[in-house]
Amino acid sequence: MGKAKEKQEEVPYAESHLYKIRHSAAHVMAQAVIEMFPNGKVAIGPPIEDGFYYDFELPRALTPDDLDKIEKRMRKIIKGKYAFERQELSADKAREVFADQPYKIELIEGLESGGYDEYGEKIEEAPVISIYKHDTFEDLCRGPHVENTGEINPSAVKLLNVAGAYWRGDEKNTMLQRIYGTAWESVEELEAYLERLKEAQERDHRTLGRELDLFSFSQDVGPGLALWHPNGGRIRAQIEEYWSQRHREGGYERVYTPHIGKANLWQTSGHLNWYKDGMYAPLTIEEQEYYIKPMNCPFHIAIFKSQMHSYRDLPMRFAEFGTVYRYERSGTLHGLMRVRGFTQDDAHLFCTLEQMPEEILGVLEFSLSILRDFGFQEFDIELSVRDPKNPGKYAGQDSDWKMAEAALISAIEKLGLSYRRVEGEAVFYGPKIDIKVHDALNRTWQITTIQFDFWLPEAFEMEFVGQDGEPHQPYMVHRALLGSMERFFGVLIEHYKGAFPVWLAPVQAELIPIADRHFDYAYDALAKLKAAGLRAEVDDSGDRMGNKIRKAQGQKVPYMLVIGDREIEEGAVSLRLRSGEDLGATSVDDFIAMAQEAVKSKAQV
RNA sequence: GCCGAUGUAGCUCAAUUGGCAGAGCAACGCUCUUGUAAAGCGUAGGUUAUGGGUUCGAGUCCCAUCAUCGGCUCCA
């Protein structure tokens with residue numbers, strides 16, 4: 001993976017040969033589709049990470065059978081070695097060529113007048129309009145392409161699935177049919193990619209969640225509302241315990257707040273103005289309206305405001321596992337990754353302007369340190385700032401924004417990290433840093449968010465008394481470190497493929513007596529393990545040893561302790577790891593020491 | 001929410017053109033007392049997601065609803 005990255009840095013993907021192959025494969029696919037549906041309309045078809053797609057408007061829905069046919073036809077076209085011919089032409093001429101292709105006409109208008117590209121993004125100056133033609137298919141396209149279709153490896157192309165996609169990604173527009181495909185230089189690369197997809201599927205937290213009995217959803221309870229089972233609960237309790245300890249050490253105070261609050265609170269906070277779509281309908285209690293909380297901040301602010309504060313009290317750091325409920329559209333729910341009720345490991349920092357840089361540095365360092373303990377080593381850091389073209393849509397003073405951005409950058413740089421600056425991605429109330437982690441398959445997941453807030457301190461008229469005896473407004477930072485417990489758990493499951501490190505494993509050791517006469521010894525050993533703080537159980541089912549091992553392997557238990565006549569005679573247990581390694585006889589005490597060390601060091605196994 | 005697909009036992013899946021809902025695993029019971037990834041035999045388990053409709057007859061065809069899956073949009 002590291003190598004691939006280096007290679008990418010040498011030649012940017014958009015200029016690589018593979019990019020051209022995929023772009024060309026998209027054209028070939030479009031030709032095959034249009035041959036099948038001569039009146040079909042084509043939209044756009046770019047290369048993407050690992051493949052390509054093309055969007056169509058067709059008279060009927062495509063079936064998997066259609067994909068097979070299209071794929072077969074593509075191979076024939078490829079073998080025809082048709083040259084890709086580029087031609088530049090005027091907008092008027094282009095309109096003639098694509099007279100019966102409304103989406104292309106719209107693209108041409110964009111290119112000509114406003115200077116918008118096919119993704120609807122503004123481009124500086126109106127570009128030259130070009131078309132690429134191969135065999136019978138011609139497409140409005142800036143290229144580049146391979147010389148001829150023969151450069152595409154027909155055995156390294158595969159169509160994957162059909163999906164709906166809005167024209168230009170806007171839900172007000174027509175829904176088109178998108179065909180996703182993948183293309184590589186060699187069959188081996190294609191197979192490796194398909195293997196990667198399979199690997200991702202095997203790690204799917206929804207499947208593992210059922211197999212390991214971690215969590216479920218119930219039709220009776222409702223969609224997007226997760227039920228944590230005892231095994232998932234054990235892991236979560238472990239995470240929360242560790243988190244609590246780190247936060248105590250890190251100078252956070254633990255707070256607890258209710259799940260609902262009066263309408264007025266949400267009016268003041270601004271949520272009813274700009275977050276109403278994400279909130280559930282109000283409850284009426286004694287003629288007062290209450291809302292279920294979509295965020296915890298107003299409550300933490302209420303705690304802050306419950307008394308006068310001196311500058312000497314600052315910084316103050318309030319942390320809470322705050323359970324929030326947000327309306328998510330039904331089609332967006334996805335296992336634990338996207339739910340309607342979730343618990344944020346939320347915290348709010350209140351401080352003076354002078355304290356701000358140190359607070360930011362502290363919270364960033366703190367976050368990375370905790371994420372590393374969960375086995376994440378690589379991070380993408382994104383700095384989201386204002387859209388310079390649209391300064392009107394943000395709260396706060398210009399100077400605040402500059403100060404905040406400088407504080408964020410300085411913290412990132414002090415830690416020697418690289419980051420990506422994203423304009424226009426800031427929340428309206430302030431800039432933010434997001435941390436994405438890379439998992440075991442090198443996929444990235446948004447986890448941590450650290451957000452400045454210039455709005456709430458003002459909206460709630462927060463104050464502290466400064467050294468000068470005058471009231472001042474504190475600065476405020478929101479931060480969710482693990483993000484949501486649900487999503488974080490989902491990511492952990494996929495990262496570890498369900499094989500949690502010893503400190504998190506729901507069952508750390510499975511005691512496996514070979515025959516009934518070994519049960520009592522096993523129960524004695526179990527008592528010792530439990531007394532030592534380990535999570536263990538005895539498999540006293542009627543199964544044979546082989547099946548007991550198989551079951552424990554399936555549950556991904558890190559240690560299996562086999563007990564038979566020999567072990568009892570030696571006062572030992574026979575230690576098997578879930579890797580399959582047989583470490584042989586070990587005394588119970590030695591095993592306890594070893595397991596405790598693995599827990600303490602959070603050993604990644 | 002939108003486009004498309006799917007929904008049969010706890011799980012994985014069968015069931016010919018519309019013609020008696022079935023298997024493996026899991027569960028439970030009995031026998032065996034076992035040496036590093038599946039012992040044998042037996043028992044039980046279902047209003048085929050839900051509600052309507054067509055039909056002599058519906059798991060199968062039609063309509064609606066719900067949920068899930070692949071995407072789009074949105075996001076912790």
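In what follows, chains carry the letters A, B, and so on, assigned in the order in which the sequence lines appear, proteins first and then strands, with residues in each chain numbered from 1.
Using a 4.0 Å cut-off, no side-chain N or O of A/R544 falls inside it from OP1 or OP2 of B/rU33. Distances shorter than 4.0 Å separate some side-chain N or O of A/R206 from OP1 or OP2 on B/rG70. Between A/Y166 and the phosphate of B/rC74, there is no side-chain N or O to OP1/OP2 separation shorter than 4.0 Å. Within the 4.0 Å cut-off from OP1 or OP2 of B/rU12, at least one side-chain nitrogen or oxygen of A/R210 is found. Checking the phosphate oxygens (OP1, OP2) of B/rG70, a side-chain nitrogen or oxygen of A/H334 falls inside 4.0 Å.
Within the nucleic acid shown, A/Q553 comes within 4.0 Å of at least one base atom, counting heavy atoms only. Residue contacts shown for A/N161 are limited to sugar-phosphate atoms, with no base heavy atom under 4.0 Å away. Residue A/E486 is out of contact with every strand shown, counting any heavy-atom pair closer than 4.0 Å. Within the 4.0 angstrom heavy-atom criterion, no nucleotide atom of any strand lies near A/V324. Base engagement by A/R576 is indicated by at least one non-hydrogen atom pair under 4.0 Å involving a base atom. At the heavy-atom level, A/N547 lies under 4.0 Å from the strands shown only through sugar-phosphate atoms. Residue-level contact check: A/G331 touches the bases, meaning some heavy atom is under 4.0 Å from a base atom.
Of all nucleotides present, none satisfies the Watson-Crick or G-U wobble test against B/rU48 with each distance under 3.5 Å. The pairing partner recorded for B/rC74 is none, the criterion being a Watson-Crick or G-U wobble arrangement whose two distances lie under 3.5 angstrom. Across all strands shown, B/rA5 forms a Watson-Crick or G-U wobble pair with B/rU68, both key distances being under 3.5 Å.
A salt bridge does not link A/R566 with A/E570: none of the charged nitrogens is closer than 4.0 Å to a carboxylate oxygen. Between A/E486 and A/R236 there is a salt bridge, with a side-chain nitrogen of the basic residue lying less than 4.0 Å from a carboxylate oxygen of the acidic one. Here A/E423 pairs with A/R421 in a salt bridge; the nearest charged N to carboxylate O distance falls below 4.0 Å. With salt bridges taken as basic N to acidic carboxylate O contacts below 4.0 Å, none links A/E510 and A/K548. By the 4.0 Å N-to-carboxylate-O rule, A/D434 lies close enough to A/K432 to be salt-bridged with it. With salt bridges taken as basic N to acidic carboxylate O contacts below 4.0 Å, one links A/R196 and A/D50.
Under 3.5 Å, the side chains of A/D380 and A/H438 contain a donor-acceptor pair of N or O atoms.
If you take atom C1' in B/rU48 and the same atom in B/rC61, they sit 15 Å apart, rounded to whole Å. The separation of B/rG4 from B/rA76, taken at their C1' atoms, amounts to 28 Å, rounded to a whole angstrom. For the C1' atoms, the distance from B/rG18 to B/rC2 is 34 Å, rounded to whole Å.
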### Task
Show the numbers, then the answer: is there a side-chain contact (heavy atoms from CB on, under 4.5 Å) between A/H300 and A/M476?
CA-CA 11 Å; A/H300 290 193; A/M476 175 174 171; over 6 Å; no
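Taking A/Y419 as the reference, nothing meets the side chain to side chain donor-acceptor pair (under 3.5 Å) condition, with sequence neighbours excluded.
RNA chain B lies under 4.0 Å from at least one heavy atom of each of the following residues of residues 477-485 of chain A: A/G483, A/S484. Sorted by residue number, the members of residues 559-572 of chain A with any non-hydrogen atom under 4.0 Å from RNA chain B read A/V562, A/G564, A/D565, A/R566, A/E567.
The side chain of A/T332 approaches B/rG1 more closely than any other nucleotide in the set B/rA76, B/rU34, B/rG1. Of the candidate nucleotides B/rU73, B/rA39, B/rU33, B/rU73 has the atom nearest to the side chain of A/E171. Checking B/rA76, B/rG4, B/rG71 against the side-chain heavy atoms of A/T449 singles out B/rA76 as nearest. Relative to the side chain of A/M175, the nucleotides B/rC3, B/rC69, B/rU34 differ in distance, and B/rC3 lies closest. The side chain of A/R338 lies closest to B/rC74, out of B/rC74, B/rA38, B/rU33. Relative to the side chain of A/A163, the nucleotides B/rG70, B/rA76, B/rC72 differ in distance, and B/rG70 lies closest.
Residue side chain A/R329 reaches the base of B/rU73 through a donor-acceptor N/O pair under 3.5 Å, judged by distance alone.
In this structure, A/R178 forms a cation-pi arrangement with A/Y53, its terminal cationic atom sitting closer than 6.0 Å to the ring centre and no more than 45° off the ring axis.
Taking the six-membered ring for Trp and thresholds of 30 and 60 degrees, A/F374 and A/F488 have ring planes more than 60 degrees apart, a perpendicular arrangement.
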